[in-house]
K.L.:
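For reference, the structure I am asking about is given below.
Values below: all heavy atoms of this structure, side chains included; hydrogens, waters and symmetry mates excluded.
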Amino acid sequence: MKIVSAEVIITCPGRNFVTLKIRTEDGVHGLGDATLNGRELAVASYLRDHVCPMLIGRDASRIEDTWQLLYKGAYWRRGPVTMSAIGAVDMALWDILGKSTGMPLYKLLGGASRTGVMVYGHATGRDIPEALDEFARYAEAGYQAIRIQSGVPNMRSVYGVSKGGGTYEPATKGRVDEQYWSTEKYLDFAPKLFEAVRERFGFDHHLLHDAHHRLTPIEAARLGKAVEPYRLFWIEDPTPAENQAAFRLIRQHTVTPIAVGEIFNSIWDCKQLIEEQLIDYIRATLTHAGGITHLKRIADLASLYQVRTGCHGASDLSPVCMGAALHFDLAIPNFGVQEYMGYPEEALEVFPHAWTKDGGLMHPGEAPGHGVEIDEKLAARYPYDPAYLPVARLDDGTLWNW
Ligand code: GCO
Ligand code: MG
């Protein structure tokens, strides 16, 4: 199973994706997702210039040893660029192992622990009535878990709501968009949004919401406490998590469950959050947190503390990541929920996939490996198109957390 080539493919079918393709001497290939939204070329260069040459000649079945080599061997540890590059290699090697043994990835991970993967969709609206109508559409489509985001009255922009109708896409082509934020307005509004959902739809659905790192710990505690009657499945990223101990303060005040970790890239980012049971769901992903090998380690640690997974599944993680994530979700014992934001049609064409979707339940399929391929000819028709995530400022211009 000697590796003979490793190449990076960059394509923009609706949005930018970076894919690593590793090939062995037996003609088997594996794919890994290396997309880091807004910093795509940094990971592409890390792979092309530093990692790919190291892979040639190595045994593709030595997945753990390759992970350790890339992690310890760089000397400089962790970080989103390094860990996304390692994640892509790891995903591709597991894909190769699946293909060369004829097994779908979830079987290599121990087999199915459930019949399907519960995914949540994004209901968004410029105001409460519009958000509720979107919620109704997801409910009718069979989703058991639905995230809701809405525009806030008298606030110029808000996280998670699409600009001109259509699907939500946070990155803006060619520039860094400036948005505005007011915690006071948001905190006044958010409980009304959840109240309206429960009034119209009752308590049958799992209700999720993303605060997108905007609050201070005490503000997050206030929000969690205020929304307890609406029994949310989770509030996501209530406050930035670099300071893990900050979550103690939130926990002292509220039983609203908390999900954190889409921007984490290693077990060290969430060790304290998990060990002190300061969160309920860990959102780290395969792509950004070092692939299957490392996310499994995080999930196993989490399982000791009854913390479940809720992997990030925004459309800026490629379908390759989604396919691999569905295998992971199906196999691990402490799966909670998987985000599925969906993809532009052209992205689904560039990445043919074995997964299936039935309402709010997904299945990775039975194809060997992770079951996602890339149509390279089609991919070449969509050249890289730089796009960046926005920043948020307070009304007086102070730069805030987006
Ligand atoms: C989510 C996330 C995304 C991120 C995006 C950044 O919960 O899905 O918060 O919307 O903002 O993935 O690239
Ligand atoms: Mg989020």
Side-chain angles (χ1 to χ4, degrees), residues 37-38 122-135 146-172 175-199 207-230 232-243 246-247 249-254 256-263 283 314 316 341 387-402:
N37 203 4
H122 288 202
T124 74
R126 279 165 296 185
D127 53 23
I128 292 184
E130 208 175 276
L132 294 187
D133 287 348
E134 270 278 286
F135 193 98
I146 305 170
R147 175 182 118 154
I148 195 153
Q149 307 291 140
S150 162
V152 176
N154 304 318
M155 201 146 91
R156 279 182 272 173
S157 48
V158 74
Y159 159 76
V161 177
S162 69
K163 292 163 204 154
T167 49
Y168 169 64
E169 164 55 61
T172 313
R175 69 190 159 89
V176 176
D177 210 11
E178 299 227 333
Q179 300 184 346
Y180 288 87
W181 176 254
S182 157
T183 300
E184 295 75 24
K185 287 176 186 149
Y186 167 78
L187 282 180
D188 181 48
F189 171 79
K192 296 176 190 151
L193 173 65
F194 308 139
E195 183 184 22
V197 173
R198 290 313 194 192
E199 246 172 33
L207 179 59
L208 292 77
H209 177 73
D210 192 346
H212 222 255
H213 325 272
R214 305 279 165 97
L215 308 175
T216 64
I218 198 67
E219 289 163 351
R222 184 179 136 202
L223 176 67
K225 203 168 167 180
V227 304
E228 277 173 11
Y230 314 117
L232 267 65
F233 184 88
W234 78 34
I235 285 184
E236 179 184 334
D237 290 331
T239 197
E242 285 98 325
N243 174 12
F247 282 72
L249 199 147
I250 305 175
R251 272 306 210 218
Q252 281 162 19
H253 294 283
T254 178
T256 295
I258 294 168
V260 171
E262 67 181 37
I263 65 170
R283 281 184 46 74
D316 46 87
M341 205 168 142
Y388 296 94
L389 288 171
V391 295
R393 289 187 186 276
L394 302 181
D395 273 332
D396 70 355
T398 306
L399 197 81
W400 199 244
N401 306 302
W402 178 73

K.L.:
Is the closest side-chain donor-acceptor distance between Thr254 and Glu228 under 3.5 Å?
P.N.:
yes
K.L.:
Tell me, please, which residues at least two apart from His212 pass ring pair (Phe, Tyr, Trp, His ring centres under 6.0 Å).
P.N.:
Tyr159, Trp402
K.L.:
Which heavy atom of Ile250 sits nearest a heavy atom of Ala221, and at what distance?
P.N.:
CA-CB, 4.0 Å
K.L.:
I'd like to check the side-chain contact (heavy atoms from CB on, under 4.5 Å) partners of Arg198; sequence neighbours left out, ordered by chain and number.
P.N.:
Phe203, Leu207, Tyr230
K.L.:
Who passes salt bridge (Lys or Arg N to Asp or Glu O under 4.0 Å) against Lys225, sequence neighbours left out?
P.N.:
none
K.L.:
Among residues at least two apart in sequence or on other chains, which ones pass side-chain contact (heavy atoms from CB on, under 4.5 Å) with Glu134?
P.N.:
Ala123, Arg137, Tyr138
K.L.:
Test of understanding: with side-chain contact (heavy atoms from CB on, under 4.5 Å), list the residues that count as partners of Leu187, not counting sequence neighbours.
P.N.:
Thr183, Leu215, Glu219, Arg222, Leu223
K.L.:
Please enumerate all residues that pass salt bridge (Lys or Arg N to Asp or Glu O under 4.0 Å) together with Arg147, with sequence neighbours excluded.
P.N.:
Asp210
K.L.:
Is the ring centre of Tyr168 less than 6.0 Å from the ring centre of His122?
P.N.:
no
K.L.:
What closest approach, in Å, do Gly160 and Thr124 show between heavy atoms, and which atom pair accounts for it?
P.N.:
O-CG2, 3.0 Å
K.L.:
Quick one: closest heavy-atom pair of Leu389 and Pro170, and the distance?
P.N.:
CD2-CB, 3.7 Å
K.L.:
Begin with the C-alpha distance, continue with both residues' side-chain angles, and end with the deciding distance and a verdict on side-chain contact (heavy atoms from CB on, under 4.5 Å) for His213 and Ile263.
P.N.:
CA-CA 11 Å; His213 325 272; Ile263 65 170; 4.1 Å; yes
K.L.:
What closest approach, in Å, do Ala196 and Ile128 show between heavy atoms, and which atom pair accounts for it?
P.N.:
CB-CG2, 3.7 Å
K.L.:
Can you sort out the partners of Asp127 under side-chain hydrogen bond (donor to acceptor under 3.5 Å, both in side chains), two or more places apart, ordered by chain and number?
P.N.:
none
K.L.:
Under the side-chain hydrogen bond (donor to acceptor under 3.5 Å, both in side chains) rule, collect the residues that match up with Asn401, sequence neighbours excluded.
P.N.:
none
K.L.:
Does the pair His209 and Glu236 meet the rule for a side-chain contact (heavy atoms from CB on, under 4.5 Å), with working shown?
P.N.:
CA-CA 6 Å; His209 177 73; Glu236 179 184 334; over 6 Å; no
K.L.:
How far apart are the closest heavy atoms of Gln179 and Pro390, and which atoms are they?
P.N.:
NE2-CG, 3.6 Å
K.L.:
List for me each residue that meets side-chain hydrogen bond (donor to acceptor under 3.5 Å, both in side chains) alongside Lys185, sequence neighbours excluded, and say none if there are none.
P.N.:
none
K.L.:
List the residues meeting side-chain contact (heavy atoms from CB on, under 4.5 Å) with Tyr180, not counting sequence neighbours, and say none if there are none.
P.N.:
Arg156, Ser157, Glu178, Arg393, Asp395
K.L.:
Got a second to check how far Phe135's CZ is from Ile146's CD1, nearest 0.5 Å?
P.N.:
4.0 Å
K.L.:
Does Phe247 have any ring pair (Phe, Tyr, Trp, His ring centres under 6.0 Å) partners at least two apart in sequence or in another chain, and if so, which?
P.N.:
none
K.L.:
Tell me, do Arg251 and Ile258 make a side-chain contact under 4.5 Å, heavy atoms counted?
P.N.:
yes
K.L.:
Considering residues at least two apart in sequence or located in another chain, which fulfil the side-chain hydrogen bond (donor to acceptor under 3.5 Å, both in side chains) criterion with Glu184?
P.N.:
Ser182
K.L.:
Does the side-chain contact (heavy atoms from CB on, under 4.5 Å) test come out yes or no for Trp181 and Leu394, once each step is laid out?
P.N.:
CA-CA 5 Å; Trp181 176 254; Leu394 302 181; 4.0 Å; yes
K.L.:
Closest approach of Ala171 and Asn37, non-hydrogen atoms and distance?
P.N.:
CB-OD1, 4.0 Å
